[in-house]
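Take a look at the structure set out below.
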Amino acid sequence: KPPFADAMNAAAQVCDWNPIEVHSPFIDWNKGQIVKRGLELGIPFEKTWSCYNGGEVPCGECSTCLDRASAFFAAGVSDHLTK
């Protein structure tokens, strides 16, 4: 989100002798748009998952798992993790 990206950029400006800049090229994209772009680029989504609970498999119920499912739905594609 923009406030987080702005705060990280401000911190990066003072964290070292040589200021660095944090870029956030997808800040205005929704998650569905990001999934679509990832598919265009050939991102191996089958090798990824998001889950706050950790473990060997995602829980499918935490907010991160739900966000991922929603992103794939918005992109109009199925996610290999969808039960």
Side-chain angles (χ1 to χ4, degrees):
K1 300 201 181 243
F4 179 80
D6 292 343
M8 291 305 296
N9 191 48
Q13 296 298 306
V14 297
C15 72
D16 197 3
W17 293 107
N18 300 308
I20 58 174
E21 185 175 353
V22 175
H23 294 272
S24 47
F26 304 110
I27 198 78
D28 294 321
W29 293 26
N30 65 48
K31 291 180 193 279
Q33 291 170 313
I34 293 170
V35 167
K36 282 183 182 178
R37 183 63 178 140
L39 292 169
E40 291 169 358
L41 294 171
I43 300 300
F45 284 116
E46 69 278 2
K47 295 181 178 180
T48 70
W49 54 270
S50 304
C51 183
Y52 286 145
N53 294 326
E56 296 296 318
V57 296
C59 73
E61 298 176 3
C62 71
S63 62
T64 299
C65 285
L66 296 176
D67 282 347
R68 178 185 170 112
S70 179
F72 276 82
F73 180 80
V77 296
S78 62
D79 182 3
H80 76 286
L81 298 177
T82 304
K83 298 175 184 175

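When reading the values below, keep in mind they use all heavy atoms of this one structure, side chains included, and skip hydrogens, waters and symmetry mates.
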Legend entry - Sequence neighbours excluded - ring-ring contact (aromatic ring centres under 6.0 Å, His included) pairs with any residue from residues 1-41: Phe26-Trp29

Legend entry - Test side chain to side chain contact (heavy atoms under 4.5 Å, CB included) applied to Ala74 - qualifying residues, sequence neighbours left out: none

Legend entry - Gap separating the OH atom of Tyr52 from the SG atom of Cys59, nearest 0.5 angstrom: 11.0 Å

Inset, instruction - Determine the minimum heavy-atom distance between Gly60 and Cys65, stating which atoms define it. - result: N-SG, 3.3 Å

Legend entry - Donor-acceptor contact below 3.5 Å, side chain Gln13 vs main chain Ile20: yes

Side-chain donor-acceptor pairs of residues 32-47 under 3.5 Å, sequence neighbours excluded:
unit_1: Gln33; atom_1: OE1; unit_2: Asn30; atom_2: N; d: 2.7
unit_1: Arg37; atom_1: NH1; unit_2: Glu40; atom_2: OE1; d: 3.1

Legend entry - Residue pairs, two or more places apart or on separate chains, that pass salt bridge (Lys or Arg N to Asp or Glu O under 4.0 Å) and touch residues 62-76: Arg68-Asp79

Legend entry - Set of residues satisfying side chain to side chain donor-acceptor pair (under 3.5 Å) with respect to Ser70, sequence neighbours excluded: none

Inset, instruction - Would you name the heavy atoms of Gly55 and Trp49 that are closest together and state the gap between them? - result: O-CH2, 3.3 Å

Legend entry - Any residue meeting side chain to side chain contact (heavy atoms under 4.5 Å, CB included) with Ala5, in chain and number order, not counting sequence neighbours: Ser24, Ile27

